[in-house]
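When reading the values below, keep in mind they use all heavy atoms of this one structure, side chains included, and skip hydrogens, waters and symmetry mates.
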Amino acid sequence: MTDQDLNEMLRIKREKLEELKANGKDPHEIVNFKDRTPSKEIKDNFDEFEGKSARIAGRIMAKRGHGNMSFMDIQDESGIIQIVNRKNVIGDEFKEVKKYDIGDIVGVEGEVFKTNQGEISIETHTPQLLTKSLQMLPEKWHGLKDPDLRYRQRYLDLIVNPEVKEVFVLRSKIISEIRKFLDNRGFLEVETPILNTIAGGATARPFITHHNTLDIDMYLRIANELYLKRLIVGGFDKVYEMGRMFRNEGMDATHNPEYTAMELYQAYGDYDDMMEITEHLIETVATNVLGKTSIEYDGNEIELKAPWRRLPMIDAIKEETGIDFNEITSYEDAVAIAKEKNVEVKESRGEIIAEFFEEFVEEKLIQPTFIIDYPVEISPLAKRKNDDKSLTYRFEAFINGKEVANAFSELNDAADQRERFEAQVAKREKGDDEAQMMDYDFVNALEVGLPPTGGLGIGIDRVIMLLTGQHSIRDVLLFPTMKPTGKNAVENKEASVQTIDHEEEVIDFTGVKTEEFYDDIDFDNFAACDFRVVKVKNCEEVPKSKKLLKFTLDDGSGEDRIILSGIKQYYKPEELIGKNLVAIVNLPPRAMMGEESNGMILSAIHEQNGEEGLNVLMVSNRIPAGAKIE
């Protein structure tokens with residue numbers, strides 16, 4: 001279909017609506033269509049409905065017919081049923097029914113019967129156009145397959161891909177079963193603030209907004225942990241909250257800027273209690289929603305039935321690598337082994353242990369497993385172990401290589417908590433915008449007295465992905481976050497511009513230092529480098545890496561070029577999509593974090609006031625991809 005054909009069909013639809021209005025039949029004036037019967041109920045109980053009158057309403061998904069008879073397939077929430085229209089039954093209304101279009105929403109009252117071909121149908125006695133569709137539905141046989149368009153226009157996705165609706169029906173049932181499980185165990189569902197004055201309870205970058213009346217910056221919550229623990233201090237023994245969290249971070253198959261999480265806290269419990277709750281909650285939900293505890297995912301048969309395996313993090317690393325951090329007790333030795341194994345060197349032994357786990361173990365945890373005894377450096381809210389103060393009473397639950405739950409024996413030592421907050425603040429001052437902020441009121445609450453407490457957080461979207469067999473978080477969120485396109489993109493950009501004072505940017509180069517120039521240059525090797533303009537087709541964060549961005553580039557060759565670059569702390573991926581950069585394209589391939597990088601993105605590096613600054617080299621979009629830099 002050409003654009004001209006499409007425009008003509010859209011024009012005809014609009015003309016039909018105007019004609020209806022002119023004849024006093026404006027469908028928008030109809031306010032209801034009551035006493036409907038779901039199509040599935042009619043089909044499932046045909047013997048009860050045969051020969052009787054029924055009312056059904058829904059969207060026309062197909063039309064066919066000839067002469068004085070026509071057929072329509074009507075889709076309602078429960079399914080599709082055939083409608084039969086006969087001129088000798090509905091008289092003059094037959095001409096109006098023939099003008100109905102695919103996509104229109106209609107109400108029909110008629111007699112239930114079965115055709116000669118055995119199809120359960122309704123013979124129209126009284127037709128009514130309820131809504132005139134002014135757009136075209138995706139073509140029947142090819143449907144709506146483009147993922148980007150499906151997520152942006154979920155309403156079309158739900159109409160033409162009925163299996164998608166089933167995922168969200170299951171989502172609702174799963175969430176309902178989780179609530180039922182916790183309610184039956186005596187937990188009280190509560191609500192805590194989404195707008196926070198302090199972004200706390202997790203290590204993550206928050207979204208920042210501004211409250212005009214109070215004239216203060218506020219944060220969309222990254223976790224509800226600290227408020228829920230305040231309630232335990234206040235005397236509630238068991239509380240939970242399920243709702244949206246917001247983290248200003250990268251997007252991939254398991255991450256969306258807003259997502260659903262559940263946290264619960266139980267006074268006088270510990271992380272062993274949280275393990276028992278986790279494994280039995282997921283087992284119970286799977287049983288009640290799916291009717292089984294064994295599922296297939298990515299070709300793996302996964303058994304969700306409790307009990308799950310419990311494995312200390314250090315032992316898990318030893319199983320996969322032979323490296324025993326029980327014997328590597330100093331930071332210096334941890335750094336040495338990290339360099340030997342090409343693992344990112346961090347600021348503490350505990351953080352290096354966590355890097356080894358992420359690099360060598362995490363993705364291999366297919367069957368449900370509790371990884372326990374996390375280093376204290378990456379667990380600022382967990383209680384230290386009594387037999388090893390470098391570790392904490394903390395676990396994360398993994399299924400199919402993905403974390404689905406995180407839990408602690410909660411830290412209730414106010415002095416220890418203050419010190420850990422201070423350590424987080426120090427990281428924040430060094431530029432770590434994911435480090436936690438000091439929360440003096442929470443420390444005060446601990447000083448009032450928090451009983452021994454177990455706390456648990458579960459990523460609801462990841463559990464739903466697992467139980468529904470989906471591989472992207474976008475497939476279990478009705479409206480995932482998407483970058484605006486078309487008119488919305490223009491309006492979004494204009495709105496953003498209006499909030500900025502249009503003053504000439506003044507760049508302060510005070511304190512800037514650049515590296516000294518080289519005395520000797522190997523011109524032969526330099527001349528062998530092939531510098532090309534490359535256009536960024538896509539840019540995304542590399543999972544498990546704190547530094548790397550993955551670029552999919554148009555280098556003019558007709559084939560995508562993948563380059564990984566350690567500039568994540570300087571740029572958000574979406575900032576670079578569509579930009580023209582400069583890259584060296586004839587370097588040997590290099591393996592980085594399980595990906596193959598084919599080249600190098602060029603950037604300018606300097607030092608300013610003791611801190612490194614970096615700017616990727618960008619060139620005009622008027623230069624075509626593949627242009628050689630001389």
*Exercise: identify the closest heavy-atom pair between E410 and G455*: OE2-CA, 3.1 Å
*Nearest 0.5 Å please: distance from the CD1 atom of I577 over to the NZ atom of K572.*
13.0 Å
*Roughly how far, to the nearest 0.5 Å, is CG of L548 from CD1 of I563?*
12.5 Å
*Neighbour count >12 (heavy atoms, 6.0 Å) for atom CD, E77*: no
*Going by atom types only, do T192 and E241 share a side-chain donor-acceptor pair under 3.5 Å?*
yes
_Looking at T481, is its backbone amide N or carbonyl O close enough to the side chain of N256 to form a donor-acceptor pair, meaning the two atoms are under 3.5 Å apart?_
yes
*Lys/Arg N to Asp/Glu carboxylate O, K385 vs D388, below 4.0 Å*: no
_Intermediate values then yes/no, side-chain contact (heavy atoms from CB on, under 4.5 Å), L311 and I372_ = CA-CA 6 Å; L311 182 63; I372 63 175; over 6 Å; no
*Considering residues, nucleotides and ligands other than F168, do more than 12 of their heavy atoms fall under 6.0 Å from its CZ?*
yes
*How far apart are the C-alpha atoms of D252 and K550, what are their side-chain angles, what is the distance that settles it, and do they pass the salt bridge (charged side-chain N to carboxylate O under 4.0 Å, His left out) test?*
CA-CA 12 Å; D252 58 31; K550 176 181 176 181; over 6 Å; no
*Out of curiosity, K402 NZ to D298 CG, how far, rounded to the nearest 0.5 Å?*
7.5 Å
*Donor-acceptor pair, side chain of D270 and main chain of D272, under 3.5 angstrom*: yes
*Can the ring centres of F181 and Y240 be said to be less than 6.0 Å apart?*
no
*Does P257 reach the side chain of M251, with side-chain heavy atoms less than 4.5 Å apart?*
yes
*Under the ring pair (Phe, Tyr, Trp, His ring centres under 6.0 Å) criterion, do F442 and Y227 qualify, and how do the steps go?*
CA-CA 8 Å; F442 180 68; Y227 282 108; 9.5 Å; no
*L467 and L170: side-chain contact (heavy atoms from CB on, under 4.5 Å), yes or no, with the steps?*
CA-CA 9 Å; L467 296 182; L170 283 175; over 6 Å; no
*Residues E276 and R185 bridged, charged N to O under 4.0 Å*: yes
*Just by modelled atom types, is the K389 backbone N or O under 3.5 Å from a matching donor or acceptor in the R384 side chain?*
yes
_Pairing donors with acceptors under 3.5 angstrom, does anything connect the side chains of T453 and Q266?_
no
_Electrostatic pair K238-E189, nearest N-O below 4.0 angstrom_ = no
*Closest heavy-atom pair and its distance - P452, N412*: N-ND2, 3.8 Å
_Ion pair R179/D183, N-O distance below 4.0 Å_ = no
*asked:* Could you check whether D373 pairs with R394 (Lys NZ or Arg NE/NH1/NH2 to Asp/Glu carboxylate O, under 4.0 Å)?
replied: no
*Do K568 and E541 sit within salt-bridge range, that is, some charged N less than 4.0 Å from a carboxylate O?*
yes
*Pairs touching residues 265-316 that satisfy ring-ring contact (aromatic ring centres under 6.0 Å, His included), sequence neighbours left out*: Y271-Y393, Y297-H471, W308-F370
*Side-chain touch L576/L549, heavy atoms, less than 4.5 angstrom*: yes
*Does K180 come within less than 4.0 Å of E177, counting only side-chain N to carboxylate O?*
yes
_Looking at E303 and K305, would you say the former's side chain and the latter's main chain have a donor-acceptor pair under 3.5 Å?_
yes
_E559, CD atom: more than 12 neighbouring heavy atoms under 6.0 Å_ = no
_Please check this pair: side chain of R420 against backbone of A382, looking for a donor-acceptor N/O pair closer than 3.5 Å._
yes
*So how far is it from I178 CD1 to I460 CD1, rounded to the nearest 0.5 Å?*
3.5 Å
_Pair E320 + K318: basic N to acidic O under 4.0 Å_ = no
*Might you point out which heavy atoms bring Q417 and P380 nearest each other, and give the distance in Å?*
NE2-O, 3.2 Å
*Without swapping roles, check the side chain of R154 against the backbone of L477 for a donor-acceptor pair under 3.5 Å.*
yes
*Can E279 and R310 be counted as an ion pair, charged N to O under 4.0 angstrom?*
yes
*asked:* Please check: side-chain N/O of R428 versus main-chain N/O of A435, any donor-acceptor pairing under 3.5 Å?
replied: yes
Result block: side-chain N/O donor-acceptor pairs under 3.5 angstrom for residues 331-347, not counting sequence neighbours:
{"unit_1": "Y331", "atom_1": "OH", "unit_2": "K346", "atom_2": "O", "d": "2.6"}
{"unit_1": "D333", "atom_1": "OD2", "unit_2": "S330", "atom_2": "OG", "d": "3.2"}

*Does R244 come within less than 4.0 Å of E258, counting only side-chain N to carboxylate O?*
yes
*asked:* Tell me whether E434 contacts the main-chain N or O of A204 through its side chain, where contact means a donor paired with an acceptor under 3.5 Å.
replied: no
*Electrostatic pair E225-K229, nearest N-O below 4.0 angstrom*: yes
*Are D554 and K535 close enough for a salt bridge, meaning some N to O gap below 4.0 Å?*
no
*Counting N and O atoms only, with roles assigned by atom type, does the side chain of Q470 sit under 3.5 Å from a partner on the main chain of I464, one being a donor and the other an acceptor?*
no
_Side-chain (S176) to main-chain (S172) donor-acceptor, under 3.5 angstrom_ = no
*asked:* Regarding D475 and R150, does a basic nitrogen lie under 4.0 Å from an acidic carboxylate oxygen?
replied: yes
*asked:* Could you measure the distance from the CG atom of L564 to the NZ atom of K547? Nearest 0.5 Å is fine.
replied: 13.5 Å
_Regarding E596 and R590, does a basic nitrogen lie under 4.0 Å from an acidic carboxylate oxygen?_
no
*Mind listing the closest non-hydrogen atom pair of T260 and D461 along with its distance?*
N-OD2, 2.8 Å
_So that I can tick it off, tell me whether E351 and K427 are bridged by a salt bridge, with the cut-off set at under 4.0 angstrom between side-chain N and carboxylate O._
yes
